[in-house]
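Per chain, numbering begins at 1; letters A, B, ... match sequence-line order.
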Number of protein chains: 2
Amino acid sequence: MQNKYDALKLDNQICFPLYACSKEIVRMYKPFLDDIDLTYTQYITMMVMWETEEINVKSLGERLYLDSGTLTPLLKKLETKGYVVRNRSKTDERNLLVTLTDKGRELKKKAICIPEKMAGCVHLTRDEAFELYRLLHKVLSAAEDEKNG
Amino acid sequence: MQNKYDALKLDNQICFPLYACSKEIVRMYKPFLDDIDLTYTQYITMMVMWETEEINVKSLGERLYLDSGTLTPLLKKLETKGYVVRNRSKTDERNLLVTLTDKGRELKKKAICIPEKMAGCVHLTRDEAFELYRLLHKVLSAAEDEKNG
DNA sequence: TAAAATTAAATTGTATGCAATTTGTTTTCG
DNA sequence: CGAAAACAAATTGCATACAATTTAATTTTA
């Protein structure tokens, strides 16, 4: 680098393209998600629900990197839409169990076309997508380690 | 993939690790940014200001992928902190010029240590960081193209 | 076993982030 | 020229995000 301040240039950061890319990807999803009346955060939440059928808020938060401050209102909205129900666990009332409904399962059929449409928007080769995936997960692992000690 | 719904699994998406990674990186910046009393968004804004000294809101927004709805209150905060001043352009009053102050320039000296500290948190090799950078910019270019037609 | 510690959600407060609309200014063009 | 179109910010409304605190339930431990 030419001088000691070059490190502070936006173009020399790795954080910034990550931040920008994440937002742009979410923006590209929007028209597809509008079709099924979900926001991006609601969509990734439903993806977990489609996989697990039932999960408590804490586990859901660990999966999505979100806390109860974000999830509580979001899950109430998904409940209002009829895609999940929220009930306290019988065995441990501290836990709130989020359960997929039939209507929520139905939504999966409408959502099935979205990953394909999005893949068409991100112009990476198969190898590039895989390498990007690997690198992002490596950074995520480092972040996890740093978080846990 | 085993069945047609596998594409809807969170682990098979490229968008999700991107979204999670972005948030985790911002989280890792927080302690360093707390030291100089900036949020992440304020930090990337100041990075542009340190580079350009003066810029209007529209150009700043194009650089940061943010719109006036986000930038207007943020710039007012940075002005309150004394790091920038906001004035309408004499030649075209539609434009609001954001200008770095001496105090804003001083802040750069305190911020100089941050990129190094962050590099230590993201455990990628030089080559991996470069490849990640390249792939993110490729996705950003695709997003730009899609946006502009 | 009862107080202390831990845990899980919910709540509160602050800061984005963005779509859509409004306001004020400038440019275009009939 | 002067109305219409284009443009730049600001504003409004809604949806995250997350830190910090509170509330309620469970587990630990003295």
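- Heavy-atom nearest nucleotides on DNA chain C were determined for P73(B) and for R27(A), and the one closer to the 5' end corresponds to P73(B).
- Between E62(A) atom CD and dA9(C) atom C1' the separation is 14 Å, expressed in whole Å.
- As rounded to whole Å, 14 Å separates atom P of dA9(C) from atom CD of E79(A).
- The phosphate of dA8(C) (OP1 or OP2) has no side-chain N or O of N56(A) nearer than 4.0 angstrom.
- For K58(B), whose side chain is taken as the heavy atoms from C-beta onward, the closest listed nucleotide among dA8(D), dG17(C), dT16(C) is dA8(D).
- The CG-P distance, from L64(B) to dA9(D), rounds to 13 Å in whole Å.
- Counting only N and O atoms by type, the side chains of S89(B) and T91(B) include a donor and acceptor under 3.5 Å apart.
- For the pair S89(A) and Y65(A), both in contact range of DNA chain D, the more 5′-proximal nearest nucleotide belongs to Y65(A).
- Contact between the side-chain N/O atoms of K76(B) and the OP1/OP2 oxygens of dT11(D) is found at a separation under 4.0 Å.
- Taking atom CG of L38(B) as the reference point, atom C1' of dT16(C) lies 15 Å away to the nearest angstrom.
- Contact annotation: T41(B) reaches the phosphate of dG17(C) (side-chain N/O to OP1 or OP2, under 4.0 Å).
- Comparing atom distances between the E93(B) side chain and each of dT26(C), dA9(C), dA9(D) picks out dT26(C) as nearest.
- Distances shown here put every side-chain N or O of R88(A) at or beyond 4.0 Å from the OP1 or OP2 atom of dT23(D).
- Cluster membership check: V85(B) does not share its hydrophobic cluster with W50(B), using side-chain heavy-atom separations under 4.5 Å among Ile, Leu, Val, Met, Phe, Trp and Tyr.
- Classified by interplanar angle (parallel below 30°, tilted 30° to 60°, perpendicular above 60°), the ring pair Y40(B)/Y19(A) is perpendicular.
- Checking the phosphate oxygens (OP1, OP2) of dA10(C), a side-chain nitrogen or oxygen of R86(A) falls inside 4.0 Å.
- Across all strands, D92(A) comes closer than 4.0 Å only to sugar-phosphate atoms, never to a base (heavy-atom distances).
- Note: Y65(A) and F16(B) have tilted aromatic rings, judged against thresholds of 30 and 60 degrees for the angle between ring planes.
- Using cut-offs of 30° and 60° for the angle between ring planes, the Y133(B) and F130(B) rings count as parallel.
- The base of dA9(D) is not paired with the side chain of T72(B) by any donor and acceptor separated by under 3.5 Å.
- Between Y40(B) and dA17(D) there is no side-chain N or O to OP1 or OP2 distance below 4.0 Å.
- Following rounding to the nearest Å, K30(B) (NZ) and dT14(C) (C1') show an atom-to-atom distance of 11 Å.
- Contacts of L71(B) with the nucleic acid, taken as non-hydrogen atoms under 4.0 Å apart, are absent.
- If you measure from atom CG of L33(A) to atom C1' of dG17(C), you get 16 Å, rounded to the nearest angstrom.
- Between the P atom of dT26(D) and the NZ atom of K90(A) lies a distance of 12 Å, rounded to the nearest Å.
- Distance L66(A) CG to dA15(D) P: 16 Å, rounded to the nearest Å.
- If you check every strand for non-hydrogen atoms under 4.0 Å, N95(A) touches sugar and phosphate atoms only.
- Note on K23(A): a side-chain N or O is less than 4.0 Å away from OP1 or OP2 of dC18(C).
- If you check distances only, the side chain of S68(A) never reaches the base of dA8(C) with a donor-acceptor pair under 3.5 Å.
- Grouping the Ile, Leu, Val, Met, Phe, Trp and Tyr side chains by contacts below 4.5 angstrom, directly or via other members, places L97(A) apart from M49(A).
- Counting non-hydrogen atoms under 4.0 angstrom, T70(B) reaches a base of the nucleic acid.
- Distances from the side chain of D67(A) to the nucleotides dA19(D), dT16(D), dA8(D) place dA19(D) closest.
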